[in-house]
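Report on one structure; see the data block that follows.
Residue numbers begin at 1 in each chain, while the letters A, B, ... track the order of the sequences.
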Amino acid sequence: MSKPSIPKGTRDFLPIETARRNYIFDTIRNVYKKYGYAPIETPAMENLSTLLGKYGDEGDKLLFKILNSGDAFAGIQSTALNDSNALALQVCEKGLRYDLTVPFARFVVQHQSELVFPFKRYQLQPVWRADRPQKGRYREFYQCDADVIGSTSLLNEVELVQIIDEVFLTLDIDVVVKINNRKVLSGIAEIIGEADKLIDITVAIDKMDKVGLEAVKQELLAKGIAPQAIEQLQPILELHGNNDEKLTKLQTILQPSATGTLGVQELKTIFDYLKTLQIKQTLELDLSLARGLNYYTGAIFEVKAGGVEMGSITGGGRYDDLTGIFGLKNMSGVGISFGADRIYDVLLQLDKFPSTAAESTRVLFFNLGEAEERQALQYVQQLRSKNIVAEIYPDRAKLKKQFEYADRRTIPFAAIVGEDELKTNTISLKNLKTGEQQVVSIDALFQLVK
RNA sequence: GUGAUCGUAGCUCAGUUGGUUAGAGCGCUAGAUUGUGGCUCUAGAGGUCGGGGGUUCGAAUCCCCUCUUUCACCCCA
């Protein structure tokens, strides 16, 4: 293969794409800052021991592992080749981060003495997963996380929903914010007598939207859930009405479960606060929302865009003991993560990028010779000092070529300084859109191109 | 990990049941036009047909493997 290429599932970004991506990052960052979150960064690679076992068996398979530097295979017996998984662990001590939450937990434990709790941080960085690429799924993509750790207050959940609301309002996307609670799901599993199958149940009912009730029941049956338990589950999954009505019914159903009742209380509190804050986006209590990551213990969130086929574009939830695995107990946290790459795809499909996300040079000075370029250089510097983006064509090329360059860069003004203009201290300024041209002074030019 | 799918010039694509030197449009370079772009005309450059192996007198075309594209499942942002 002679053509250059990049690894599967990765992408290059052209100037227009980068400008648009920055628009998304800037929007999210500004909202995070507005709510008092502080930025941090962590390395692209973590010790494999930090990452392994945190995302389930599936997650472990999707970790990118990094071969040890030096002679990584020194001392490896040929018999080790029989077990490639074990071999990988012998020759790889590091891996690329899979998300931002687990590295954040590690960060909090490691820097606990330097941090002020409750600690509110945001982090916009790429993560890597060795997944098969498909629609809205890449092997390298950005997560834009905000978390509060060291506080169990539900005000944090409320704040994160406010942030979601404000970000999508700014981006001008209509979304549905789905909210559920892991305690409620635990309570449901408990009262149908299948508490030990909580994960199987959540994974199955998470697909309600996509495959429908019957397929979910099939999957539950296949996972060994008792038929009568599934019958008990059905009315809960089919709960309807507005959020308040659902909560009232749920409270009755979950009465026998202490955990479930607590979950309902938490949801009630969150919805109650949000009601007083005039949230613009649609909030929906969705009992089929489960989310795969097993570390969630309380509220869980997921955001879907209206009018486009796309997986969730934001997700999050509360985790009571994420730092526990790194040796720090009693550190409850709650966080959200915006999927910038999917938001990009959604904005593109809905044609919602502002045109300002693409603007660049205002004036191009043509290059007609040495004396001319010396003068043009002066003008360009003066324009820049007035914050007008200007540049000079670097080569003494034919005018045709210089015009075509300006055209393709969509630069609105061409400034020509040749022999005649040099003598009279003037500039021929041409508006490339209208074709109008006039001979002006540099002061007049400032006004015209502003 | 499972199942499909794509790959021919910089880009978008033709290419007959396997048969001489693989084409078009756009783009690029030069000229018509040595200080005025977008239109037009003329000429030119550019391809080991994704890579490797096989069948055949002969492969872009048929077979196998592999990489890549896109999509679904699993899982997930």
When rounded to whole Å, the OH to P distance for the pair Tyr393(A) and G35(B) reads 14 Å

Counting any heavy atom closer than 4.0 Å, what does Gln402(A) reach on the DNA or RNA strands: base, sugar-phosphate only, or nothing?
-> nothing

Describe the nucleic acid contact of Gly418(A) in one word from base, sugar-phosphate, nothing, applying a heavy-atom distance below 4.0 Å.
-> base

Write down the distance separating the P atoms in G54(B) and C39(B), rounded off to the nearest Å.
-> 50 Å

Pairwise side-chain contact, Ile416(A) with Phe403(A), heavy-atom cut-off 4.5 Å (strictly under) = yes

Atom CD of Gln438(A) to atom C1' of G35(B): distance rounded to whole Å?
-> 18 Å

Contact class for Ile313(A) vs. all strands (heavy atom < 4.0 Å): base, sugar-phosphate, or nothing?
-> sugar-phosphate

Rounded C1' spacing from G53(B) to A59(B) in Å | 13 Å

Whole-Å distance between G35(B) P and Leu399(A) CG?
-> 6 Å

How about Tyr142(A) and Phe25(A): are their ring centres within less than 6.0 Å of each other?
-> yes

Just checking Gly136(A): base, sugar-phosphate only, or nothing, at a heavy-atom cut-off of under 4.0 Å?
-> base

Val203(A) has its side chain closest, among G35(B), C75(B), U2(B), to C75(B)

Is any side-chain N of the basic residue among Glu166(A) and Lys34(A) closer than 4.0 Å to the acidic one's carboxylate O?
-> yes

Quick one: label Ser337(A) by what it contacts on the DNA or RNA (base, sugar-phosphate, nothing), any heavy atom closer than 4.0 Å.
-> nothing

Pick the C1' atom in A9(B) and in A22(B), then give their distance to the nearest Å.
-> 11 Å

Please find out if less than 6.0 Å separates the ring center of Tyr98(A) from that of Tyr55(A).
-> yes

In whole angstrom, give the distance that lies between atom CG of Asn431(A) and atom P of G38(B).
-> 17 Å

In whole angstrom, what separates Leu63(A)'s CG from G1(B)'s C1'?
-> 15 Å

Below 4.0 angstrom, N of the basic side chain to O of the carboxylate: do Lys120(A) and Glu159(A) qualify?
-> yes

For Tyr138(A), report the nucleic acid contact type (base, sugar-phosphate, nothing); a contact means any heavy atom under 4.0 Å.
-> base

C11(B) and U48(B), which share atom name P, separated by this distance in whole Å | 13 Å

Upstream residue (5' side of RNA chain B) when Thr10(A) and Gly339(A) are each assigned their closest nucleotide = Thr10(A)

Where the side chain of Glu58(A) is concerned, which of C73(B), C76(B), C74(B) is the nearest nucleotide?
-> C74(B)

Do Tyr379(A) and Phe446(A) have ring centres separated by under 6.0 Å?
-> no

Relative to each other, are the rings of Tyr296(A) and Tyr319(A) parallel, tilted or perpendicular (30° and 60° limits)?
-> tilted

Describe the nucleic acid contact of Asp341(A) in one word from base, sugar-phosphate, nothing, applying a heavy-atom distance below 4.0 Å.
-> nothing

Have a look at Glu302(A) and say if it touches a base, only the backbone sugar-phosphate, or nothing, with a 4.0 Å heavy-atom cut-off.
-> nothing

Considering the options Val334(A), Asp165(A), Ile270(A), Asp147(A), which one meets the side chain to side chain contact (heavy atoms under 4.5 Å, CB included) requirement together with Leu160(A)?
-> Val334(A)

Please confirm whether the backbone N or O of Lys183(A) pairs with a side-chain atom of Glu266(A), one donor and one acceptor, at under 3.5 Å?
-> no

Under 5.5 Å between ring centres and under 30° between planes: true for Phe141(A) and the base of A77(B)?
-> yes

Short side-chain N/O contact to U36(B) OP1/OP2 from Lys430(A), under 4.0 Å = no

Gap between atoms CZ and P, on Arg132(A) and C67(B) respectively (whole Å) = 10 Å

Taking atom C1' in both G27(B) and A45(B), what distance in whole Å separates the two?
-> 13 Å

If the C1' atom of C26(B) is compared with that of G46(B), how far apart are they to the nearest Å?
-> 14 Å

Of Asp420(A) and Glu219(A), whose nearest nucleotide on RNA chain B comes first from the 5' end?
-> Asp420(A)

Please determine, for the side chain of Arg137(A), which listed nucleotide (U36(B), C74(B), U69(B)) has the closest atom?
-> C74(B)

Looking only at atom P, what distance separates U8(B) and U61(B), rounded to whole Å?
-> 14 Å

Using the P atom in both, what is the distance from C49(B) to A60(B), to the nearest Å?
-> 7 Å

Give every pair of a protein N or O atom and an N or O atom of nucleotides 25-32 of chain B that lie under 3.5 Å apart, one pair per line with the distance.
residue	atom	partner	partner atom	Å
G31(B)	OP2	Lys398(A)	NZ	2.5

Gap between atoms CD1 and C1', on Ile6(A) and G50(B) respectively (whole Å) | 16 Å

Does a nitrogen or oxygen in the side chain of Gln134(A) sit under 4.0 Å from OP1 or OP2 of A72(B)?
-> yes

Which part of the nucleic acid, if any, lies within reach of Gly316(A) when heavy atoms closer than 4.0 Å are counted: base, sugar-phosphate only, or nothing?
-> nothing

Atom CG of Asp407(A) and atom P of G37(B) are separated, to the nearest Å, by 11 Å

Contact class for Gly59(A) (heavy atom, under 4.0 Å): base, sugar-phosphate, or nothing?
-> nothing

Kindly indicate whether the side chain of Glu421(A) and the base of G35(B) share any N or O donor-acceptor pair separated by less than 3.5 Å?
-> yes

Should the pair Tyr37(A) and Tyr32(A) be assigned to parallel (<30°), tilted (30 to 60°) or perpendicular (>60°) ring geometry?
-> tilted

Give Lys207(A) one of three labels, base, sugar-phosphate or nothing, depending on what nucleic acid heavy atoms sit under 4.0 Å from its own.
-> sugar-phosphate

